[in-house]
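Below is one structure; the comments refer to it alone.
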Amino acid sequence: MSFVLDPLPYAQDALAPHISANTISFHYGKHHAGYVNKLNELTKGTPYENQSLTDVVKNTFGNPATVAIFNNAAQTWNHTFYWRSMKPQGGGGATGQVKDLILQSFDSLDSFSKAFTDAALGQFGSGWTWLVEKDGKVSIVKTSNADNPITQGYNPLITLDVWEHAYYLDFQNRRIDYANLFLTNLVNWDYANQNLVNKAHL
Amino acid sequence: MQIFKNSKFFFGTLKAHTLPALKYGYNDLEPVLSATLLEFHHSKHHQAYINNLNAAQEQLEDALTKNDVQRIANLQGIIKFNLGGHLNHSLFWENLTPIKNGGGQLPDANSALVQEINNNWGSVENFKTFFNTRTAAIQGSGWGFLGVDQQSKKLRYLELPNQEIPQNYGLTPILTIDVWEHAYWWDYKNVRPNFLTNVWKIVNWKDVETRYNQALK
């Protein structure tokens with residue numbers, strides 16, 4: 001059994017003009033696909049090849065002997081989760097129960113947005129910006145490189161990829177513009193609400 | 001902090017940093033690095049580190065004036081990151097030169113640098129392979145460095161993440177290659193090893209050698 005590249009939830013040009021079809025083509029077709037291929041290569045003939053992706057991430061984290069498997073499994077997981085964290089005509093203020101939880105942890109939706117973009121900028125180097133839930137409270141978590149907050153017992157609700165390859169073509173180095181645009185035009189609050197109820201298990 | 005308040009050496013010493021001009025045109029490193037990539041890298045990425053550093057330094061001076069220790073502490077990370085970015089990139093530009101200006105041309109086999117590379121890695125080709133293997137393997141963003149150990153004066157390779165600087169690890173850098181994605185993505189997409197294979201064609205070995213000899217003093 002091998003790991004597969006999850007189909008994109010939308011056409012490659014569906015997030016344009018915010019994220020270009022070219023970006024998606026490279027990001028999905030080369031970067032994400034590359035992680036999947038490498039994961040299959042590394043797990044072939046090991047017990048990991050028959051585990052779910054989520055289990056591989058959890059089981060290989062923090063172990064120097066399986067760091068390469070972890071990096072590729074987590075990046076596979078993170079990217080699949082990222083595509084689903086966006087939708088065409090997405091964005092705007094949070095909705096549903098996620099909105100209520102955000103307002104409990106942050107003064108307002110605006111101050112949540114500011115905290116989220118601050119976290120995106122504050123991740124020096126490559127990584128991810130997450131809205132997560134734990135024990136009925138939401139918070140913003142930033143991780144570096146391939147790291148995923150499920151290894152710290154968090155339930156991820158949505159994520160933003162802040163590796164440069166995610167925004168270089170469309171924004172060059174303007175990560176702040178990319179992060180703002182994610183919130184105003186792309187974020188899929190339906191997916192966040194789904195994940196609140198059914199923990200994402202890829 | 002009271003001691004420093006009246007010191008004329010204290011305020012005004014955090015001078016604004018400026019973007020160093022490249023010693024070559026944006027299209028002079030082709031075909032290894034395109035003009036588009038180089039212009040983005042120099043005039044946008046490096047410039048942004050400088051802008052952010054200057055802004056953080058202003059904040060620091062203000063925080064110092066007010067003795068706002070929390071703010072002073074909070075600024076350390078931003079300063080470290082952006083200062084590291086400025087220093088690393090400044091070295092990187094000098095370590096590169098157009099092929100027509102000697103890019104990729106090794107120093108003389110009898111030079112101290114080449115002798116020392118041979119002592120450590122067997123040959124310059126072996127060294128390049130070693131450097132590329134280690135630097136390609138950096139997770140996420142970072143730099144590969146060849147430097148002179150400040151204690152032993154021996155040549156040493158060191159890879160560092162993000163904008164860490166080798167000076168903080170006892171190493172005076174003489175050569176660095178940027179492997180943040182912005183350093184190669186436009187021309188090489190996600191194939192970092194191809195960038196590393198090709199970048200040696202524009203390495204300014206004269207500069208590396210000068211820095212090596214300087215570091216031995």
Side-chain angles (χ1 to χ4, degrees), chain A residues 20 22-38 42 60-61 64 66-76 78-79 118-119 121-128 142-148 161-178, chain B residues 19 34 36-53 55-56 74-86 88-89 136-143 159-165 178-195:
Chain A
S20 64
N22 262 348
T23 289
I24 306 255
S25 165
F26 285 121
H27 196 175
Y28 176 73
K30 289 206 184 301
H31 290 267
H32 190 181
Y35 288 120
V36 175
N37 293 340
K38 192 71 189 172
L42 292 171
T60 57
F61 174 70
T66 54
V67 65
I69 296 178
F70 172 77
N71 283 334
N72 287 284
Q75 283 293 78
T76 298
N78 298 342
H79 281 91
D118 281 351
L121 286 184
Q123 181 49 44
F124 297 147
S126 310
W128 302 79
K142 45 188 208 280
T143 60
S144 80
N145 298 342
D147 285 353
N148 180 314
D161 188 351
V162 295
W163 281 65
E164 288 183 313
H165 65 245
Y167 60 94
Y168 179 84
L169 252 184
D170 300 323
F171 298 91
Q172 290 79 65
N173 65 322
R174 291 171 290 117
R175 193 188 281 188
I176 181 67
D177 291 347
Y178 162 65
Chain B
L19 183 67
S34 65
T36 302
L37 183 150
L38 200 55
E39 184 168 358
F40 279 159
H41 198 174
H42 180 249
S43 73
K44 290 190 192 297
H45 287 93
H46 187 175
Q47 181 69 68
Y49 285 112
I50 289 167
N51 295 345
N52 292 339
L53 176 60
N74 291 346
L75 284 165
Q76 298 312 302
I78 301 178
I79 289 176
K80 179 183 174 184
F81 177 65
N82 288 290
L83 179 56
H86 177 40
N88 288 340
H89 282 92
I138 294 172
Q139 284 302 309
S141 311
W143 299 74
E159 66 269 87
L160 289 172
N162 301 333
Q163 297 300 350
E164 298 270 352
I165 57 173
D178 187 355
V179 290
W180 279 65
E181 287 180 316
H182 67 245
Y184 59 89
W185 197 91
W186 185 260
D187 297 327
Y188 298 92
K189 302 300 176 285
N190 63 323
V191 193
R192 191 190 273 178
N194 284 359
F195 164 61

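Numbered from 1 within each chain, the chains take letters A, B, ... in sequence-line order. Just so it is clear, the model here is predicted, and its values are computed rather than measured.
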Original post:
In Å, rounded to the nearest 0.5 Å, how long is the span from CZ of B:Phe40 to CD of A:Gln172?
Top reply: 4.0 Å
Original post:
Between A:Ser126, A:Gly127, A:Ala68, which shows the greatest number of heavy-atom pairs under 4.5 Å with chain B?
Top reply: A:Ser126
Subject >> Closest contact, heavy atoms only, A:Lys30 versus B:Asn190 >> reply: O-ND2, 3.5 Å
**OP:** Return the orientation label for the A:Phe124 and B:Phe81 ring planes: parallel under 30°, perpendicular over 60°, tilted otherwise.
**Re:** parallel
Original post:
Roughly how far apart are A:Glu164 CD and B:His45 NE2, rounded to 0.5 Å?
Top reply: 5.0 Å
Original post:
For A:Lys38, does the NZ atom have more than 12 heavy-atom neighbours from other residues, nucleotides or ligands under 6.0 Å away?
Top reply: no
Subject >> Least distance between heavy atoms, B:Leu37 atom then A:Tyr168 atom >> reply: CA-OH, 4.3 Å
Subject >> Set of ring pair (Phe, Tyr, Trp, His ring centres under 6.0 Å) partners for A:Tyr35, sequence neighbours left out >> reply: A:His79
**OP:** Scan residues 166-177 of chain A for pairs that pass salt bridge (Lys or Arg N to Asp or Glu O under 4.0 Å), counting only residues two or more places apart or in two chains.
**Re:** A:Arg174-A:Asp177
Original post:
So what's closer than 4.5 Å to chain A heavy atoms on B:Asn162: side chain, backbone, both or neither?
Top reply: side chain
**OP:** With the side chain counted from C-beta on, respond yes when A:Asn173 and B:His182 share a heavy-atom pair under 4.5 Å apart, and no when they do not.
**Re:** no
Subject >> Flag if over 12 foreign heavy atoms under 6.0 Å of CH2, B:Trp185 >> reply: yes
